[in-house]
Amino acid sequence: TPFLLSQEQWNFGCNLMSTEENSWVLKTTEAPAPVPPPCRSPEQRLFTPNEAQHPPSEMEVQVEERCLEQVQTMVVGEVLKDVDTACKLLNIEPDPLGWNCVHVQKWLLWTEHLYRLPQVSVMFQELSGRDLCSMTEADFRQRSSQFGDILFAHLDIWRSAAAMKERCPPEDTADEDSWSDVMCNFPNQPIHLWQFLQELLLKPRNYSRCIRWLNKEKGIFKIEDSAHVARLWGIRKNRPAMNYDKLSRSIRQYYKKGIIRKPEVSRRLVYQFVNPVEWSARGE
DNA sequence: AACAGGATGTC
DNA sequence: GACATCCTGTT
């Protein structure tokens with residue numbers, strides 16, 4: 001796993017999330033009740049016969065691991081979001097290694113304010129981000145016996161977040177027309193209209209409002225917003241004057257070629273791929 | 001407004 | 001060849 005919160009960070013994060021003043025952290029998502037079930041008490045362990053307390057099956061273990069993974073992904077996502085917000089507010093970069101003394105002070109003041117710590121930033125004056133990163137937890141404690149560890153843990157979270165960003169760069173979460181879909185990743189790579197339509201159909205999360213499957217197995221799809229689909233096609237092909245009249249003419253060219261046809265019962269804005277087996281057979 | 005398909009031009 | 005554009009006519 002590329003990113004694992006230490007137990008300490010985890011607990012720290014949980015405490016932060018359960019602090020109700022911190023609407024800043026986790027405002028939309030429910031706090032994911034991340035506290036692991038307490039270990040079975042010693043007497044339970046002693047007095048429960050092995051047969052009755054059947055060990056978790058492999059599937060149960062897998063399910064649990066997947067749950068944990070999901071929770072972890074969620075927490076990491078929230079942390080990254082929070083880091084982003086703070087960076088914008090403070091006008092600093094996410095990676096502490098790039099901070100100068102002023103940035104460090106900004107970050108300290110922010111952290112103090114956010115978690116209601118007393119003023120400890122004075123103890124960290126004249127330190128750059130690089131200095132901060134080279135310090136051990138003991139060094140932090142030396143400067144602030146009470147809150148050094150908290151600051152250390154928090155800095156570690158930021159460093160981890162920066163490392164994460166480095167590892168998996170700009171994941172675009174655009175909900176509407178994610179630009180990379182419409183513009184192709186490879187400049188001017190020729191694309192066929194039927195391929196483009198399939199691309200849109202593959203991403204219902206982004207495009208189901210303008211085009212969606214009616215029957216995926218049979219390859220029947222419906223264009224819900226003809227103008228929108230035409231606009232997307234026009235962007236991809238660099239044809240600003242594209243409209244549904246012209247797009248549909250191109251679809252009709254497919255009739256003769258046996259790529260797309262009208263379904264048995266012809267319906268408005270509904271078409272059907274002739275051989276949907278080819279791509280559904282390759283699994284999804 | 002969508003549909004069908006011929007004609008013609010473009011890359 | 002695969003459209004893009006324009007057009008006539010139909011549903």
Side-chain angles (χ1 to χ4, degrees), chain A residues 2 27-30 66 69-70 73-74 76-77 80-81 84 87-88 93-94 164-284:
Chain A
K27 45 202 175 304
T28 48
T29 26
E30 289 288 318
R66 284 200 56 182
E69 230 170 76
Q70 282 176 359
T73 310
M74 213 163 96
V76 169
L80 289 178
K81 231 191 312 181
D84 263 341
C87 285
K88 278 178 197 146
E93 58 172 298
M164 272 297 271
K165 280 175 185 291
E166 189 76 18
R167 218 186 299 273
C168 4
E171 191 198 343
D172 70 329
T173 50
D175 224 57
E176 269 300 301
D177 316 330
S178 114
W179 204 239
S180 62
D181 290 345
V182 180
M183 305 303 282
C184 39
N185 296 330
F186 307 102
N188 285 346
Q189 200 185 20
I191 185 167
H192 291 183
L193 176 57
W194 62 270
Q195 290 176 314
F196 181 75
L197 295 175
Q198 277 182 28
E199 271 184 30
L200 299 187
L201 287 162
L202 268 175
K203 296 172 179 166
R205 207 178 70 82
N206 293 348
Y207 302 110
S208 63
R209 278 176 293 276
C210 65
I211 184 172
R212 65 185 179 90
W213 292 115
L214 289 188
N215 185 330
K216 192 172 179 182
E217 288 66 44
K218 290 184 179 171
I220 299 174
F221 63 96
K222 174 164 188 182
I223 294 172
E224 299 281 2
D225 184 339
S226 58
H228 195 197
V229 173
R231 206 174 70 233
L232 295 176
W233 175 234
I235 292 170
R236 171 62 91 85
K237 288 293 291 290
N238 196 22
R239 291 277 137 184
M242 182 53 60
N243 57 27
Y244 182 68
D245 188 40
K246 290 183 266 192
L247 184 148
S248 64
R249 181 71 191 92
S250 290
I251 292 181
R252 268 174 257 130
Q253 304 274 35
Y254 287 145
Y255 294 172
K256 206 163 28 174
K257 298 178 196 166
I259 297 172
I260 290 177
R261 64 158 177 255
K262 267 307 203 184
E264 311 293 328
V265 277
S266 182
R267 276 179 289 167
R268 278 195 143 204
L269 297 164
V270 176
Y271 298 90
Q272 176 172 21
F273 286 101
V274 173
N275 47 358
V277 197
E278 280 183 32
W279 69 82
S280 61
R282 292 170 46 114
E284 23 179 350

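Proteins get letters first, then strands, A, B, ... in listed order; numbering begins at 1 in each.
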Margin query: Less than 4.5 Å apart, side chain to side chain, heavy atoms only: is that true for Y254(A) and V274(A)?
Written below: no
(message) Side chains of Y271(A) and L197(A), heavy atoms from C-beta outward: is any pair under 4.5 Å?
(response) no
#### Entry: Sub-4.5 Å side-chain heavy-atom contact between I223(A) and S248(A)
no
May I ask you to decide if the ring planes of F221(A) and W213(A) are parallel, tilted or perpendicular, using 30° and 60° as cut-offs?
perpendicular
Check your understanding: Is the CD atom of E264(A) crowded by more than 12 outside heavy atoms at less than 6.0 Å?
Key -> no
* Examine W194(A) together with F273(A) and report whether their ring centres are nearer than 6.0 Å. => no
NA contact type, S248(A), heavy-atom cut-off 4.0 Å: base, sugar-phosphate, or nothing? nothing
Would you check if I191(A) and E199(A) make a side-chain contact, meaning some heavy-atom pair closer than 4.5 Å? yes
With distance as the sole test, does E224(A) use its side chain to make a donor-acceptor pair with the main-chain N or O of R212(A) at under 3.5 Å? no
Quick tally for nucleotides 3-9 of chain C: nucleotides whose base has a protein heavy atom under 4.0 Å get B, sugar-phosphate-only ones S, the rest -, giving BBBB---
Closest to the 5' end of DNA chain B, once K256(A) and Y244(A) are matched to their nearest nucleotides, is Y244(A)
Its 5'-most and 3'-most nucleotides having an atom under 4.0 Å from a non-hydrogen atom of chain A, DNA chain B is contacted over dA1(B) to dG6(B)
